[in-house]
Amino acid sequence: MPRKLIIVSGPTAVGKSDWCIDLALKHGSPVISCDSRQIYKEMTIGTAVPDASQLAAVKHYFIHSHTIHGLYTAGMYELEALRLMDGLFGQGHGTLVMAGGSGFYVDAVCNGLDDMPPADDELRADLTRRIKEEGVESLRADLRRLDPEAYATIDIANPQRVLRAVEVCLLSGRPFSSFKLKEPKKRDFEIEKICLNRPREVLYDRINRRVLQMVDDGLVDEVRSLIPYRDLSALQTVGYKEIFDWIDFTEGKDDPSLPRSLDEAIARIQNNTRHYAKRQITWWKRDSSVRWIDL
């Protein structure tokens, strides 16, 4: 029986969840999430995890499947996702549907990654401290020096991506970009890539409204519950960092860069999410094999 993986990608808030569910129901497939944040069971509201009705409509994998307290990488996702898909194909599924939120994870599934060195706890703690004390720009400068190619291609606005790239450079003595395989690994299934998009003003309005809905749903309380773990790399992400910063201001931290109100923190989340969506679109436009669908 032919084996096929349909990867549905697109910028945040474009409407991937409902679209993937409809496609999965059409093919009798589960939805395999390929999102580097929705895997974490401690993060729900700020990661826009599918709601209860969506999760009930079709079986989802890699939603709340891991903890923020353990290291998780694109290479680990590659191995786990391929093992899962092999099992599902073996059960008779001819077509599988993947919801592609993270371009680097999708790339790992489609093309594979070379074996990167495992994280070093001491080095990671030091790099995390630098981000906290000096800002992510400090690590960006290191990455620009150590690996100009990676600096030009990865999402340098994502502190975790920058930290991991610098970490790999320092541990291996090789550029992070050298671990991306020159020749893709052979997969025993066909891959179809779809990218959803909307007119820019519509997408940005959806992002702004979704951030407001997250706050109404309890984002601030979720972030407060994670304060003891805020230095973990999983939490260095849009939607959490801005609320952490606002909480710091309310507790009297003297830093003029902090948001002065919850409304200002919300505006920063909206702005940073719009920038993230723009970078996602840029990422997918580099891939000539993607079929674009304008919603």
Side-chain angles (χ1 to χ4, degrees), residues 11-14 16-17 33 35-52 63-64 66-72 101-102 124-125 127-140 155-164 203-280:
T12 185
V14 75
K16 291 189 295 292
S17 293
S33 175
D35 189 288
S36 63
R37 290 296 180 269
Q38 292 182 354
I39 62 169
Y40 294 120
K41 62 185 67 176
E42 297 87 354
M43 302 164 70
T44 298
I45 299 171
T47 58
V49 166
D51 63 31
I63 296 289
H64 287 174
H66 294 71
T67 175
I68 58 174
H69 302 289
L71 170 70
Y72 200 73
S102 300
R124 175 157 289 203
L127 295 176
T128 301
R129 176 193 58 77
R130 284 182 54 195
I131 289 178
K132 184 177 181 181
E133 295 178 358
E134 305 169 20
V136 69
E137 184 56 42
S138 173
L139 262 63
R140 287 181 191 147
D155 179 8
I156 61 171
N158 184 325
Q160 185 182 23
R161 293 277 185 271
V162 178
L163 185 152
R164 179 58 176 159
L203 178 64
Y204 284 2
D205 180 65
R206 288 173 63 89
I207 288 170
N208 292 341
R209 288 189 287 109
R210 189 170 77 172
V211 171
L212 293 175
Q213 187 62 56
M214 286 177 175
V215 175
D216 288 344
D217 290 343
L219 177 62
V220 173
D221 288 338
E222 178 173 271
V223 174
R224 285 190 188 279
S225 73
L226 296 169
I227 287 176
Y229 320 113
R230 62 180 296 177
D231 290 335
L232 295 177
S233 58
L235 291 167
Q236 310 305 309
T237 192
V238 175
Y240 292 83
K241 186 179 184 304
E242 296 86 352
I243 300 297
F244 283 135
D245 286 347
W246 171 67
I247 292 172
D248 284 344
F249 171 76
T250 65
E251 295 179 350
K253 184 174 180 180
D254 184 19
D255 185 339
S257 70
L258 298 177
R260 267 34 194 173
S261 66
L262 178 57
D263 284 344
E264 184 179 349
I266 291 170
R268 291 189 185 187
I269 296 172
Q270 291 171 326
N271 185 59
N272 291 336
T273 305
R274 292 193 299 269
H275 284 302
Y276 176 54
K278 187 176 180 180
R279 291 193 300 272
Q280 287 179 302

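The model shown is predicted, which means the values in this text are computed figures rather than measured ones. The basis for the numbers below is simple: all heavy atoms, side chains too, and nothing from hydrogens, waters or symmetry mates.
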**Report entry** Under the side chain to side chain contact (heavy atoms under 4.5 Å, CB included) test, residues paired with N271 that sit two or more places apart
**Finding:** R274, H275
Query raised in the report: If you measure from OG on S33 to CG on D35, what distance do you get to the nearest 0.5 Å?
Result: 5.0 Å
**Report entry** Ion pair R260/E264, N-O distance below 4.0 Å
**Finding:** no
Query raised in the report: What closest approach, in Å, do P50 and S17 show between heavy atoms, and which atom pair accounts for it?
Result: CG-OG, 4.1 Å
Report task. State, to 0.1 Å, how close T12 and Y276 come at their nearest heavy-atom pair, and which atoms those are. Result -> CG2-CD2, 4.1 Å
Query - Polar side-chain atom of R140 near backbone of V162 as donor-acceptor pair, under 3.5 Å - result: no
**Report entry** Contact summary for R161 and S102, nearest pair of heavy atoms
**Finding:** NH2-CB, 4.2 Å
**Report entry** L258 side, atom CG; K253 side, atom NZ - distance, nearest 0.5 Å
**Finding:** 6.0 Å
Query raised in the report: Could you go step by step and tell me if D248 and R230 meet the salt bridge (charged side-chain N to carboxylate O under 4.0 Å, His left out) rule?
Result: CA-CA 12 Å; D248 284 344; R230 62 180 296 177; 2.9 Å; yes
Query raised in the report: When rounded to the nearest 0.5 angstrom, what is the spacing between CD1 in I63 and CD in Q38?
Result: 4.5 Å
Requested in this report: Side-chain contact test, heavy atoms from C-beta onward, threshold under 4.5 Å: evaluate it for W246 versus E251 and give yes or no.
Outcome: no
Query raised in the report: Looking only at atom types and distance, does a side-chain atom of S138 sit under 3.5 Å from a main-chain N or O of G135, one as donor and one as acceptor?
Result: no
Requested in this report: Taking the side chain as every heavy atom from C-beta outward, state whether V223 and F244 have any atom pair closer than 4.5 Å.
Outcome: yes
Query raised in the report: Do the non-hydrogen side-chain atoms of R268 and K241 ever get within less than 4.5 Å of each other?
Result: no
Query - For the student: nearest non-hydrogen atoms of I39 and Y72, plus distance - result: CD1-CD2, 3.2 Å
Query raised in the report: Would you say the ring centroid of H69 lies under 6.0 angstrom from that of Y229?
Result: yes
Report summary line: When every non-hydrogen atom of M43 is compared with those of L226, the smallest separation belongs to CG-CD1, 4.3 Å
Query raised in the report: Are T128 and K132 close enough that some pair of their side-chain heavy atoms sits under 4.5 Å apart?
Result: no
Query raised in the report: Does T273 have any side-chain hydrogen bond (donor to acceptor under 3.5 Å, both in side chains) partners at least two apart in sequence or in another chain, and if so, which?
Result: none
Query - Rounded distance (nearest 0.5 Å) linking atom OG1 of T47 with atom CZ of R37 - result: 9.5 Å
Requested in this report: List the steps and the verdict of side chain to side chain contact (heavy atoms under 4.5 Å, CB included) for V215 and I45.
Outcome: CA-CA 8 Å; V215 175; I45 299 171; over 6 Å; no
Report task. Give the minimum heavy-atom separation between G239 and I243, together with the two atoms involved. Result -> O-CG1, 3.5 Å
Query raised in the report: Can you find a pair of side-chain heavy atoms, one from E42 and one from T67, that are under 4.5 Å apart?
Result: yes
**Report entry** Under 3.5 Å: donor-acceptor pair, side chain of Q160, backbone of Q236
**Finding:** no
Requested in this report: Check the pair S257, D255 against side chain to side chain donor-acceptor pair (under 3.5 Å), reporting the backbone distance first and the verdict last.
Outcome: CA-CA 5 Å; S257 70; D255 185 339; 2.8 Å; yes
Query raised in the report: Do R209 and Q270 have side-chain atoms, one donor and one acceptor, less than 3.5 Å apart?
Result: no
Requested in this report: Answer yes or no: is there an ion pair linking D216 with R210, defined by an N-O contact shorter than 4.0 Å?
Outcome: no
Query raised in the report: Can you check whether T44's main-chain N or O pairs, donor with acceptor, with E222's side chain at less than 3.5 Å?
Result: yes
Report summary line: Rounded to the nearest 0.5 Å, the CG atom of L139 sits from the CZ atom of R130 at a distance of 4.5 Å
Query raised in the report: At what distance, to the nearest 0.5 angstrom, does CD1 of I269 lie from CD1 of I207?
Result: 12.5 Å
Query raised in the report: Is the backbone of P11 close enough, under 3.5 Å, to the side chain of K16 for a donor and an acceptor to pair up by distance?
Result: yes
